Asks: 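Mind having a look at this structure? Questions to follow.
Both counts, for ligands and for their atoms, begin at 1 and track the order of listing. Quick caveat: nothing in here was measured; it's all calculated off a predicted structure.
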Amino acid sequence: MLRSLVTHEVKGSAAWKLGRLNHVALAVPDLEQARVFWRDVMCAEKVSESVAQPEHGVYTVFVELGNTKIELLHPYGAESPIAAFLERNKSGGIHHVCLEVADIAVALDALKASGVRPLSSAPKVGAHGLPVVFLHPKDCGGVLVEIEEKRRP
Ligand SMILES: C[C@@H](C(=O)O)C(=O)SCCNC(=O)CCNC(=O)[C@H](O)C(C)(C)COP(=O)(O)OP(=O)(O)OC[C@H]1O[C@@H](n2cnc3c(N)ncnc32)[C@H](O)[C@@H]1OP(=O)(O)O
Ligand SMILES: [Co+2]
């Protein structure tokens, strides 16, 4: 166990560096109710309108927190990848975390070499117009992880 952890650490740090927390995503059963809650009860300074993301099967709302964001998710269409999650968690819940990487191709190669399965064969364009890939929750300690390519100067 220890040996595999150490090997993983060496491999990972050699190939790429994990960046900032871009967002924490919450699946919600009622998007407008959640928007109003984060705006008027939690007093977030900036809460976006709802935007359909047909490529991802969700509607998104972004809540700006200054150091990171909350992404509110609601199913879009019959094939939404969050439908089963909301069936299991009827009041909603934490769905995924999104972490920034400088180069998604390099990160994916290293992750795959470490046995972490991506959930799509290639990156998709995410809510911020940048490449994203989801990583299997069973390979990330039970947490669904989204990586987003964000190159910083
Ligand atoms: C717009 C974009 C952006 O920000 O740029 C987004 O975020 S789009 C956000 C929406 N898009 C995505 O989430 C895309 C990637 N997600 C997926 O492909 C799917 O949601 C899966 C992760 C494969 C899960 O799908 P689904 O729930 O239908 O499958 P399933 O019921 O067979 O679940 C398989 C196992 O994974 C677990 N599981 C499911 N969803 C989970 C989650 N969010 N966090 C942790 N574990 C999760 C289940 O409990 C189950 O475990 P047991 O077997 O132990 O019971
Ligand atoms: Co997301």
Side-chain angles (χ1 to χ4, degrees), residues 1 4-5 8 12 16-39 42 44-153:
M1 180 64 176
S4 80
L5 277 177
H8 186 268
W16 61 295
K17 187 168 164 281
L18 196 57
R20 295 184 190 175
L21 174 65
N22 186 277
H23 60 265
V24 175
L26 312 181
V28 301
D30 184 327
L31 193 52
E32 191 48 28
Q33 193 181 69
R35 260 189 93 246
V36 169
F37 172 77
W38 285 95
R39 189 190 62 197
M42 299 303 278
E45 273 186 28
K46 208 167 136 210
V47 178
S48 79
E49 293 301 316
S50 159
V51 176
Q53 312 278 356
E55 291 292 302
H56 293 277
V58 291
Y59 292 93
T60 56
V61 167
F62 278 94
V63 179
E64 290 287 341
L65 301 178
N67 61 342
T68 189
K69 300 181 270 294
I70 289 173
E71 176 184 53
L72 304 176
L73 295 174
H74 188 74
Y76 171 103
E79 303 290 309
S80 176
I82 71 166
F85 181 93
L86 271 175
E87 261 310 304
R88 288 190 294 266
N89 303 276
K90 298 223 183 287
S91 329
I94 298 179
H95 185 261
H96 66 263
V97 294
C98 176
L99 305 170
E100 296 175 4
V101 297
D103 186 323
I104 206 162
V106 170
L108 273 176
D109 278 351
L111 286 163
K112 282 194 267 186
S114 297
V116 177
R117 290 165 292 170
L119 286 164
S120 58
S121 52
K124 292 183 180 181
V125 176
H128 307 112
L130 297 167
V132 301
V133 171
F134 286 84
L135 307 175
H136 203 296
K138 297 292 176 201
D139 300 338
C140 302
V143 177
L144 178 61
V145 176
E146 177 182 10
I147 53 173
E148 177 177 286
E149 182 172 281
K150 188 151 194 176
R151 292 166 191 265
R152 293 185 182 274

Asks: Atom CZ in Arg39, atom NZ in Lys46: separation rounded to 0.5 Å?
Replies: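 Reported value, rounded in 0.5 Å steps: 15.0 Å.
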Asks: State, with a plain yes or no, whether a side-chain heavy atom of Leu111 is found less than 4.5 Å away from one of Ile147.
Replies: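 Side chain of Leu111 against side chain of Ile147, heavy atoms only: contact under 4.5 Å found.
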Asks: Distance to 0.1 Å, residue and atom name: give those for the protein heavy atom nearest to atom 46 (N) of ligand 1.
Replies: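 Answer, as residue, atom name and distance: Pro137 CB, 3.6 Å.
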Asks: Taking everything shown except Tyr76 itself, do over 12 heavy atoms lie less than 6.0 Å from its OH?
Replies: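 Atom OH in Tyr76 is not packed in, count stays at 12 or less.
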Asks: Within the supplied structure, the quantity of interest is the number of heavy atoms (other residues, nucleotides, ligands) at a distance under 6.0 Å from Glu55 CD; does it exceed 12?
Replies: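 Not buried by this count: 12 neighbours or fewer within 6.0 Å.
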Asks: Number the atoms of ligand 1 from 1 as they appear, then name those within less than 4.0 Å of a heavy atom of Gly142, with their elements.
Replies: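 Close to Gly142: 45 (C), 46 (N).
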Asks: Give me the residue, atom name and distance of the protein heavy atom closest to atom 15 (C) of ligand 1.
Replies: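 Protein heavy atom at minimum distance: Phe134 CG, 3.6 Å.
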Asks: To the nearest 0.5 Å, what is the distance between CG (Leu135) and CG (Leu108)?
Replies: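 Answer for the CG-CG pair, Leu135 versus Leu108, is 7.0 Å.
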Asks: Can you name the one residue among Leu26, Thr60, Val28 that meets side-chain contact (heavy atoms from CB on, under 4.5 Å) with Leu73?
Replies: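 For Leu73, the side-chain contact (heavy atoms from CB on, under 4.5 Å) test succeeds with only one of Leu26, Thr60, Val28, which is Thr60.
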Asks: Can a protein heavy atom be found under 4.0 Å away from atom 48 (C) of ligand 1?
Replies: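 Protein heavy atom within 4.0 Å of atom 48 (C) of ligand 1: present.
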Asks: For Gly126, take its heavy atoms, then give the atoms of ligand 1 lying under 4.0 Å from any of them.
Replies: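 In order of number, 5 (O).
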Asks: In the protein, what heavy atom is nearest to atom 25 (O) of ligand 1, and what distance, to one decimal place, separates them?
Replies: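 Among all protein heavy atoms, the one nearest atom 25 (O) of ligand 1 is Pro81 O, 4.2 Å.
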Asks: Can you tell me if Arg35 uses its side chain to pair, donor with acceptor, with the backbone of Ser48 under 3.5 Å?
Replies: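 Side chain of Arg35 to backbone of Ser48, a donor-acceptor pair under 3.5 Å: yes, one is there.
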Asks: Should the proximity of Glu71 to ligand 1, defined as any heavy atom under 4.0 Å, be assigned to the side chain, the backbone, both, or neither?
Replies: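 Looking at Glu71 and ligand 1, just side chain atoms fall under 4.0 Å.
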Asks: Distance check, rounded to the nearest 0.5 Å: Ile104 atom CD1 versus Lys150 atom NZ?
Replies: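 It is 13.0 Å, given to the nearest 0.5 Å.
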Asks: In terms of atom number and element, which parts of ligand 1 are under 4.0 angstrom from non-hydrogen atoms of Ile82?
Replies: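 The atoms of ligand 1 under 4.0 Å from a heavy atom of Ile82 are 10 (C).
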Asks: In Å, rounded to the nearest 0.5 Å, how long is the span from CG of Leu65 to CD1 of Ile70?
Replies: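 It comes to 4.5 Å.
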Asks: Got the closest protein heavy atom to atom 38 (N) of ligand 1, with its distance?
Replies: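 The closest heavy atom on the protein side is Arg88 NH2, 3.9 Å.
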Asks: Are any non-hydrogen side-chain atoms of Asp103 and Arg151 less than 4.5 angstrom apart?
Replies: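 Yes, at least one pair of side-chain atoms sits under 4.5 Å.
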Asks: Calculate, to the nearest 0.5 Å, the distance between atoms OG and CG belonging to Ser91 and Leu86 respectively.
Replies: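 Answer for the OG-CG pair, Ser91 versus Leu86, is 9.5 Å.
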Asks: Is the ring pair Tyr59/His74 parallel, tilted or perpendicular, if the boundaries are 30 and 60 degrees?
Replies: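 Ring orientation of Tyr59 relative to His74: tilted.
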Asks: Which heavy atom of the protein is the closest neighbour of atom 43 (N) of ligand 1, given with residue, atom name and distance?
Replies: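 That would be His95 O, 2.9 Å.
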Asks: In terms of residue, atom name and distance, what is the protein heavy atom nearest to atom 41 (C) of ligand 1?
Replies: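 Atom 41 (C) of ligand 1 sits closest to the protein heavy atom Phe85 CD1, 4.1 Å.
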Asks: Show me which atoms of ligand 1 lie under 4.0 Å from any heavy atom of His23.
Replies: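 Taking each heavy atom of His23 in turn, ligand 1 has 4 (O) under 4.0 Å.
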Asks: Specify the protein heavy atom at minimum distance from atom 28 (O) of ligand 1: its residue, its atom name, and the distance to 0.1 Å.
Replies: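 Protein heavy atom at minimum distance: Ala84 CB, 3.5 Å.
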Asks: Taking C-beta and beyond as the side chain, do Lys90 and Pro29 meet within less than 4.5 Å on heavy atoms?
Replies: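 A side-chain contact is absent here, since even the closest heavy-atom pair is not under 4.5 Å.
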Asks: Are more than 12 heavy atoms from other residues, nucleotides or ligands located less than 6.0 Å from atom CG of Leu21?
Replies: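 Atom CG in Leu21 is crowded, with more than 12 foreign heavy atoms closer than 6.0 Å.
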Asks: Enumerate the protein N/O/S atoms at a distance below 2.8 Å from the Co ion (ligand 2), ignoring waters.
Replies: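 Listed by chain and number, the atoms are His23 NE2, Glu71 OE1, His96 NE2, Glu146 OE1.
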Asks: Within 4.0 Å of atom 55 (O) of ligand 1 (strictly less), any protein heavy atom?
Replies: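 Not a single protein heavy atom is under 4.0 Å away.
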Asks: For His96, counting its heavy atoms only, list the atoms of ligand 1 lying under 4.0 Å from any of them.
Replies: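 Contacts of ligand 1 toward His96, numbered from 1: 7 (O), 9 (C).
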Asks: Does the side chain of Glu71 pick up a donor-acceptor pair with the side chain of His95 at under 3.5 Å?
Replies: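 Their side chains do not contain a donor-acceptor pair, so the 3.5 Å distance test is not met.
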Asks: Please report whether ligand 1 has a polar contact with Glu146, defined as an N or O pair separated by less than 3.5 Å (distance criterion only).
Replies: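 Min N/O separation from ligand 1 is below 3.5 Å for Glu146.
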Asks: Might you check, step by step, whether the distance between atom 6 (C) of ligand 1 and some protein heavy atom is under 4.0 Å?
Replies: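 It does; a protein heavy atom is within 4.0 Å.
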Asks: For ligand 1, which atoms, with element, lie under 4.0 Å from some heavy atom of Ala127?
Replies: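 Taking each heavy atom of Ala127 in turn, ligand 1 has 1 (C), 3 (C), 5 (O) under 4.0 Å.
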Asks: Report the nearest protein non-hydrogen atom to atom 23 (C) of ligand 1: residue, atom name, distance rounded to 0.1 Å.
Replies: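 Going atom by atom, the protein heavy atom closest to atom 23 (C) of ligand 1 ends up being Leu119 CD2, 4.0 Å.
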Asks: With side chain to side chain donor-acceptor pair (under 3.5 Å) as the rule and sequence neighbours excluded, what pairs involving residues 116-135 come up?
Replies: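 Listed once each, the pairs are Arg117-Asp139, His128-Glu148.
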Asks: Less than 3.5 Å between some nitrogen or oxygen of Lys138 and one of ligand 1, yes or no?
Replies: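 Lys138 vs ligand 1: N/O contact under 3.5 Å present.
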